[in-house]
Structure formats: structure tokens, C-alpha cells
Q: 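I have a structure I would like to understand better, so I am pasting it below and will then ask my questions one at a time.
In this chain, residues are counted from 1 in sequence order.
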Amino acid sequence: MSVSELDHPVWHALSGAHRPLSVRQGEAARYRPSVARFAAVPPGDRAQDWADLAPLAGDDELVLFGLPHDVPPTWEEVDRFEVVQMTVPTAFGRPHADVVRLTADDAPEMLTLVEETQPGPFLEETHLLGAYYGVKEDGRLVAMAGERLTTGSWTEISAVCTRDSHRGRGLATTLMEVVAHGIREAGRQPFLHTGASNATALRLYARLGFERRDTANVVQIVQVAG
């Protein structure tokens, strides 16, 4: 298990498990625009790597995660914020009978839930990144969580969200347990990110025994019009 993969998780995901979901030029890569806005150039990036990223980006805003932190002058930094990266304790994770595996048929409902709850970016094909699980009541999706970045040894828990009408019932923890269990069954270890300013989430994860590994920058960039 290589912890160093977590220093540059987008690069490792796009170079490995998620390569089929990527578009690439040279050593630069990004997810297909319908999947995610994440992009990456290799560690120790060169000017050529940024030049290769340019035609992949077009007019889109891209998101860099972790390294690299320095953005060349041909790109504009739209926003920068910090997230806390946490690893999940070995004892955390188990199946739950009332949780269902979501499919592509559930994608419209997943998008509706994300629009209502705003857990973070989620596009029309984000569900292709990994396994997603949900809780349904009366045929309606009320909570979900799933997998996002996958490196050689790690998979990220993401898109944890619950409708306001169903909060306070422990559904988020239940879903994270199911996702973590599935990740370990696949031979990887779970980790996650949360906003450094999200005190409520940080308290919850600390109570669940999650360990804070690092604080990373998320940088949103767009090409400077020439």
C-alpha cells in the first residue's frame, strides 16, 4: 500500500484505474467533461506538460488536486481552497441490508439529490467513477454515497449526502460504512476529503476514528485568453 499515492491522487487515478474515463495528450490528462473537472500533469511537471493540457481544457474550468501547486502564467487561478485528507480506520465498514447499489438508471435521481444537498461537484457521468449506494424510501432516493478517485491502493469515499427531511438518522454514516466495506472487498483502502472549514464534518469523522493525514490545496484554473 503506497501512501504517497495520496499526495497526487488525481494523477494516479487518471494514470491507472480511471484511464478509460480520461482524455490525454502527452503526459497531461483530464477526465471526460461529463465525468469530472479534475485534471493533472505529472509530478515534476514541465512546460510541455502544461502545453499538452491546454487543448484538453479548451474553455473549461479545470480542478487540480494536491500537486502541482504552482500555476503557469498562461493559466488563471479562479479559486483556491484547502481540504483535509483523512484515512479510514480498519474497523470502519460493513454491509447494511437497507442500502441498495445504484445503477446508471438512478443517475437522474442522483443528480437531483446532489442539486438539493450540494455535497460537491457531480456531473451526468460522475457515477461511472465507481460504486454508488443509496437509501430509498417510497421509491425515492433520500441519501447516497459512493467512490470517486481510485489509485492503485486507495479509493476515495465521496458524494455523501442526505435530504434535509431525512437528516439525523445516521444515514450518512451507514452509507459510508457500506462504501468503505466495498472498497476493502476490492482490495483497496478507503480515504476521503472534506473542506478544511467544514467543522461539522471534521467533528463527525474524528468521532468515527478517521485519521487526518494532510491538508491539500484544490486549485480551480482556466486558460488565459490569448
Side-chain angles (χ1 to χ4, degrees), residues 1-6 9 12-13 16-18 21 36 83-107 109-114 116-122 126-195 198-214 216:
M1 179 174 64
S2 176
V3 178
S4 64
E5 294 170 8
L6 298 183
H12 287 285
H18 288 166
L21 300 175
V83 295
V84 175
Q85 186 181 82
M86 308 185 83
T87 57
V88 179
T90 304
F92 183 87
R94 62 191 179 97
H96 287 266
D98 54 346
V99 171
V100 297
R101 175 76 178 263
L102 301 177
T103 71
D105 291 339
D106 296 300
E109 264 203 287
M110 296 164 77
L111 287 167
T112 298
L113 180 60
V114 166
E116 178 182 319
T117 59
Q118 298 295 312
F122 197 95
T126 300
H127 65 276
L128 298 178
L129 292 173
Y132 282 83
Y133 301 88
V135 174
K136 294 185 177 185
E137 292 191 359
D138 299 322
R140 184 185 186 213
L141 184 65
V142 299
M144 75 170 186
E147 301 172 358
R148 190 165 66 175
L149 301 175
T150 292
T151 73
S153 305
W154 299 84
T155 296
E156 180 189 20
I157 299 174
S158 184
V160 182
C161 53
T162 304
R163 292 190 187 278
D164 288 343
S165 57
H166 290 73
R167 292 183 185 273
R169 294 169 42 182
L171 295 180
T173 300
T174 294
L175 284 161
M176 286 192 296
E177 287 182 327
V178 172
V179 177
H181 175 77
I183 291 169
R184 290 201 174 91
E185 288 289 293
R188 294 185 172 90
Q189 297 300 314
F191 75 109
L192 57 76
H193 296 99
T194 191
N198 191 342
T200 301
L202 289 170
R203 283 195 298 270
L204 169 63
Y205 297 144
R207 180 172 60 80
L208 295 174
F210 293 14
E211 295 184 8
R212 183 172 183 151
R213 177 183 177 268
D214 198 7

Q: Report yes if some heavy atom in the side chain of Met144 is under 4.5 Å from a heavy atom in the side chain of Val114; otherwise report no.
A: yes
Q: Could you tell me whether a side-chain N or O of Glu147 sits under 3.5 Å from a main-chain N or O of Glu156, the two making a donor and an acceptor?
A: no
Q: Taking the side chain as every heavy atom from C-beta outward, state whether Val179 and Pro190 have any atom pair closer than 4.5 Å.
A: no
Q: So which heavy atom on Leu204 is nearest to which on Met176, and how close?
A: CD2-CE, 4.4 Å
Q: Can you measure from CZ (Phe191) to CD1 (Ile183) and round to the nearest 0.5 angstrom?
A: 8.5 Å
Q: Determine whether Val83 and Thr194 make a side-chain contact, defined as any pair of heavy atoms from C-beta on separated by less than 4.5 Å.
A: no
Q: State whether the side chain of Asn198 and the backbone N or O of Ala201 hold a donor-acceptor pair below 3.5 Å, judged by distance alone.
A: yes
Q: State plainly whether the residues Asp98 and Lys136 are in salt-bridge range, i.e. N to O under 4.0 Å.
A: no
Q: So which atom in His12 and which in Glu5 form the shortest heavy-atom distance, rounded to 0.1 Å?
A: CD2-O, 3.5 Å
Q: If you compare all heavy atoms of His181 against all heavy atoms of Gly93, which two are closest, and at what distance to 0.1 Å?
A: CB-C, 4.0 Å
Q: Side chains of Met86 and Arg213, heavy atoms from C-beta outward: is any pair under 4.5 Å?
A: no
Q: When rounded to the nearest 0.5 angstrom, what distance separates CD in Gln85 from CH2 in Trp154?
A: 8.5 Å
Q: Taking all non-hydrogen atoms of both residues into account, name the closest pair between Gly134 and Leu102 and its distance.
A: N-CG, 3.7 Å
Q: Atom CG in Leu113, atom OG1 in Thr162: separation rounded to 0.5 Å?
A: 7.5 Å
Q: Output the distance between atom NE2 (His18) and atom CG (Leu129), rounded to the nearest 0.5 Å.
A: 5.0 Å
Q: Whether the side chain of Arg188 engages the backbone of Thr151 through a donor-acceptor N/O pair (distance < 3.5 Å, no angle test) should be reported.
A: yes
Q: Would you name the heavy atoms of Gly182 and Tyr133 that are closest together and state the gap between them?
A: CA-OH, 4.5 Å
Q: Is the shortest heavy-atom distance from the side chain of Leu175 to the side chain of Glu177 under 4.5 Å?
A: no
Q: Taking all non-hydrogen atoms of both residues into account, name the closest pair between Pro89 and Arg184 and its distance.
A: O-NH2, 2.8 Å
Q: Using 0.5 Å steps for rounding, measure from the CZ atom of Phe92 to the CD1 atom of Ile157.
A: 6.0 Å
Q: Are side-chain heavy atoms of Leu128 and Leu21 found at a separation under 4.5 Å?
A: yes
Q: Looking at residues at least two apart in the chain, or sitting in another chain, which of them share a side-chain hydrogen bond (donor to acceptor under 3.5 Å, both in side chains) with Thr150?
A: Thr155
Q: Could you check whether the rings of Tyr205 and Phe210 sit parallel, tilted or perpendicular, using 30° and 60° as the cut-offs?
A: parallel
Q: Between Glu137 and Arg163 (salt bridge meaning N to carboxylate O under 4.0 Å), is one present in this structure?
A: no
Q: Is any side-chain heavy atom of Arg167 less than 4.5 Å from a side-chain heavy atom of Asp164?
A: yes
Q: Hey, could you give me the NE2/CG distance between His96 and Leu171, rounded to the nearest 0.5 Å?
A: 10.0 Å
